[in-house]
Asker: 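The structure follows.
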Amino acid sequence: MTLPSRVKLVDVGPRDGLQNEKQALSAELKIGLVHRLQDAGLKHIEVTSFVSPKWVPQMGDNAEVMAGLQRRDDVRYAVLTPNLKGYEAAVLSRPDEVVVFGAASEAFSQKNINCSIAESIERFAPVVSAALAAGIAVRGAISCTVGCPYEGEIAPERVTMVARLMKDIGVQHIGVADTIGVGTPRKVQRAMEAALQVYALDDVSGHFHDTYGQALANTLATLEMGVWQYDTSVAGLGGCPYAKGATGNVATEDVVYLLHGMGIETGIDLDRLIDAGVYISQALGRQPNSRAATALLNKRLG
Ligand SMILES: CC(C)(COP(=O)([O-])OP(=O)([O-])OC[C@H]1O[C@@H](n2cnc3c(N)ncnc32)[C@H](O)[C@@H]1OP(=O)([O-])[O-])[C@@H](O)C(=O)NCCC(=O)NCCSC(=O)C[C@@](C)(O)CC(=O)[O-]
């Protein structure tokens, strides 16, 4: 067992979290969330996505949100770009990283981005070339690496296949996503092993939704493989509009509590992170969906 001594967390709350909210939130509020996350020590934040506003109206203020950021040199701001149109709009906002997002399931690919896996790779290829030529980092995400809402269980071989397609077009890093949170530790390890057949340990990350309460266990299971990069979402926000019933990503607060408790550094101030979670949860009219945040907030009250 080789546990990493430091873990990099990418907070995807402003993007993955808020893309699924029914309630419209102002750009100002989203900007306030990003600022609070960076104040809490997050160095990697997924801010928004440049997708069709007809498909995901919640992200229609992408350029406004990016323009309103008070950027820090030591923070990397990432955005999702499904095709060249999205990339060309995104690049005007000066992202540090763009994310192309495919799936290990044909049905999910069709529902989410309206094309087959093969077509998605054709759409990503010019995005990757343009981003790399402009010195912008490129991350790839593979949805449904364990299970799909339309196809059921997904074989690890499909993850390897999509990872190879992504690698062949120059994607530098791959995120292994359990989009609907059906994974359990051994299954998630198998999906991660499948990605590791193509990408090096330093170039993979985990992205686990918590629908069945397994995301922390899945995080630990992959930490034990040496994985040291994870997407997490402040206050457990999130879900994908094309994965009905799936809940948010694992809460950043819960992962930070786990990691710090194991003596693993994150550079994140848990108290300030909890404040960021309270800020966005209040705007949404609910409590943070994080056990650690709830416990520590109760403790603050005495
Ligand atoms: C991918 C598309 C755009 C293809 O959508 P499409 O309809 O196939 O695209 P098209 O090229 O045929 O164009 C149709 C219309 O969309 C416009 N269009 C085309 N592209 C863009 C763009 N980039 N930005 C803005 N507008 C765009 C285009 O200009 C045109 O406009 P019209 O002429 O009808 O007015 C569409 O399917 C879409 O936007 N899907 C939304 C996907 C999405 O955001 N899903 C959620 C994020 S993924 C996720 O959450 C999973 C992840 C990453 O977190 C990991 C996990 O947990 O699994």
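Just the heavy atoms: all of them, side chains too, but no hydrogens, waters or symmetry mates, feed the values below. Atoms within each ligand, like the ligands themselves, are counted from 1 in listed order.
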Asker: Tell me which part of D16 gets within contact of ligand 1: side chain, backbone, both or neither, using heavy atoms under 4.0 Å.
Answerer: side chain

Asker: Under 4.0 Å from a heavy atom of P53: give me the atoms of ligand 1 that qualify, with their elements.
Answerer: 25 (C), 26 (N)

Asker: Thinking salt bridges, do D39 and R72 make one under a 4.0 Å N-O criterion?
Answerer: yes

Asker: Of all the heavy-atom pairs spanning C148 and F108, show the shortest one and how long it is.
Answerer: SG-CB, 4.1 Å

Asker: Give the numbers and elements of all ligand 1 atoms closer than 4.0 Å to a heavy atom of G86.
Answerer: 23 (N)

Asker: Given I45, which partner from the list V10, V75, V12, V234 fulfils the side-chain contact (heavy atoms from CB on, under 4.5 Å) test?
Answerer: V75

Asker: For the pair D275 and R36, find out whether any cationic side-chain nitrogen is under 4.0 Å from an anionic carboxylate oxygen.
Answerer: no

Asker: Distance to 0.1 Å, residue and atom name: give those for the protein heavy atom nearest to atom 57 (O) of ligand 1.
Answerer: H207 NE2, 2.9 Å

Asker: Please determine whether a side-chain nitrogen of the Lys or Arg among R190 and E157 lies less than 4.0 Å from a carboxylate oxygen of the Asp or Glu.
Answerer: no

Asker: Can you tell whether the side chains of R300 and D271 come within less than 4.0 Å, N to carboxylate O?
Answerer: yes

Asker: Under 4.0 Å from ligand 1, counting heavy atoms only, is it the side chain of S52, its backbone, both or neither?
Answerer: both

Asker: Does an N or O from S49, backbone or side chain, lie closer than 3.5 Å to an N or O of ligand 1?
Answerer: no

Asker: Using a heavy-atom cut-off of under 4.0 Å, does the side chain or the backbone of N83 touch ligand 1, or both, or neither?
Answerer: side chain

Asker: Run the numbers for me: atoms of ligand 1, each under 4.0 Å from some heavy atom of P82, listed by number.
Answerer: 1 (C), 23 (N)

Asker: Less than 4.0 angstrom from a charged side-chain N to a carboxylate O is my criterion; do E106 and K111 meet it?
Answerer: no

Asker: Using a distance-only test with no angle check, is there a side-chain donor-acceptor pair under 3.5 angstrom linking W228 and D202?
Answerer: yes

Asker: By number and element, which atoms of ligand 1 are closer than 4.0 Å to a non-hydrogen atom of R123?
Answerer: 4 (C), 8 (O)

Asker: Is there a heavy atom in M59 that sits closer than 4.0 Å to ligand 1?
Answerer: no

Asker: Can you sort out which atoms of ligand 1 are near V56, meaning under 4.0 Å from one of its heavy atoms?
Answerer: 41 (C), 43 (C), 44 (O)

Asker: What part of Q58, side chain, backbone, both or neither, has a heavy atom within less than 4.0 angstrom of ligand 1?
Answerer: neither

Asker: Name the closest protein heavy atom to atom 46 (C) of ligand 1, giving the residue it belongs to and the distance to 0.1 Å.
Answerer: Q19 OE1, 3.5 Å

Asker: Looking only at protein heavy atoms, which one is nearest to atom 52 (C) of ligand 1, and what is the separation?
Answerer: R15 NH2, 3.8 Å

Asker: Please check if a non-hydrogen protein atom sits closer than 4.0 Å to atom 23 (N) of ligand 1.
Answerer: yes

Asker: Starting from atom 31 (O) of ligand 1, what is the nearest protein heavy atom, named by residue and atom, and what distance separates them?
Answerer: K54 NZ, 4.2 Å

Asker: Return the closest protein heavy atom for atom 8 (O) of ligand 1 as residue, atom name and distance.
Answerer: N114 ND2, 2.9 Å

Asker: Can you list the ligand 1 atoms lying under 4.0 Å from a non-hydrogen atom of F50?
Answerer: 22 (C), 23 (N), 24 (N)

Asker: Just checking, is any N or O donor in the side chain of T232 or N249 under 3.5 Å from an acceptor N or O on the other one?
Answerer: no

Asker: Counting only heavy atoms, which portion of Q110 has something under 4.0 Å from ligand 1: side chain, backbone, both, or neither?
Answerer: neither

Asker: With a cut-off of 4.0 Å, which atoms of ligand 1 are near a heavy atom of N112?
Answerer: 37 (O), 40 (N), 41 (C), 42 (C), 43 (C), 45 (N), 46 (C), 48 (S)

Asker: Note the single closest protein heavy atom to atom 25 (C) of ligand 1, along with its residue, its atom name and the distance in Å.
Answerer: V51 O, 3.4 Å

Asker: Identify the closest protein heavy atom to atom 21 (C) of ligand 1: which residue and atom is it, and at what distance?
Answerer: K85 CD, 3.6 Å

Asker: When rounded to the nearest 0.5 angstrom, what is the spacing between CE in M192 and CD in E224?
Answerer: 13.0 Å

Asker: Using a 4.0 Å cutoff against the non-hydrogen atoms of H209, which atoms of ligand 1 qualify?
Answerer: 57 (O)

Asker: Side chains of T266 and H260: is there a donor and an acceptor less than 3.5 Å apart?
Answerer: yes

Asker: Which residue and non-hydrogen atom of the protein lie closest to atom 51 (C) of ligand 1, and at what distance in Å?
Answerer: S143 OG, 3.6 Å

Asker: Measure from the side-chain N and O atoms of T179 to the backbone N and O of C144, and report whether any donor-acceptor pair falls under 3.5 Å.
Answerer: yes

Asker: Using atom types as modelled, flag every donor-acceptor pair under 3.5 Å from a side chain in residues 160-169 to any protein atom, sequence neighbours excluded.
Answerer:
| from | atom 1 | to | atom 2 | distance (Å) |
| --- | --- | --- | --- | --- |
| T160 | OG1 | A194 | O | 3.0 |

Asker: Is there a polar contact between ligand 1 and A141, counting only N or O atoms under 3.5 Å apart?
Answerer: no

Asker: So, H44 and D231: side-chain donor and acceptor under 3.5 Å apart, yes or no?
Answerer: no

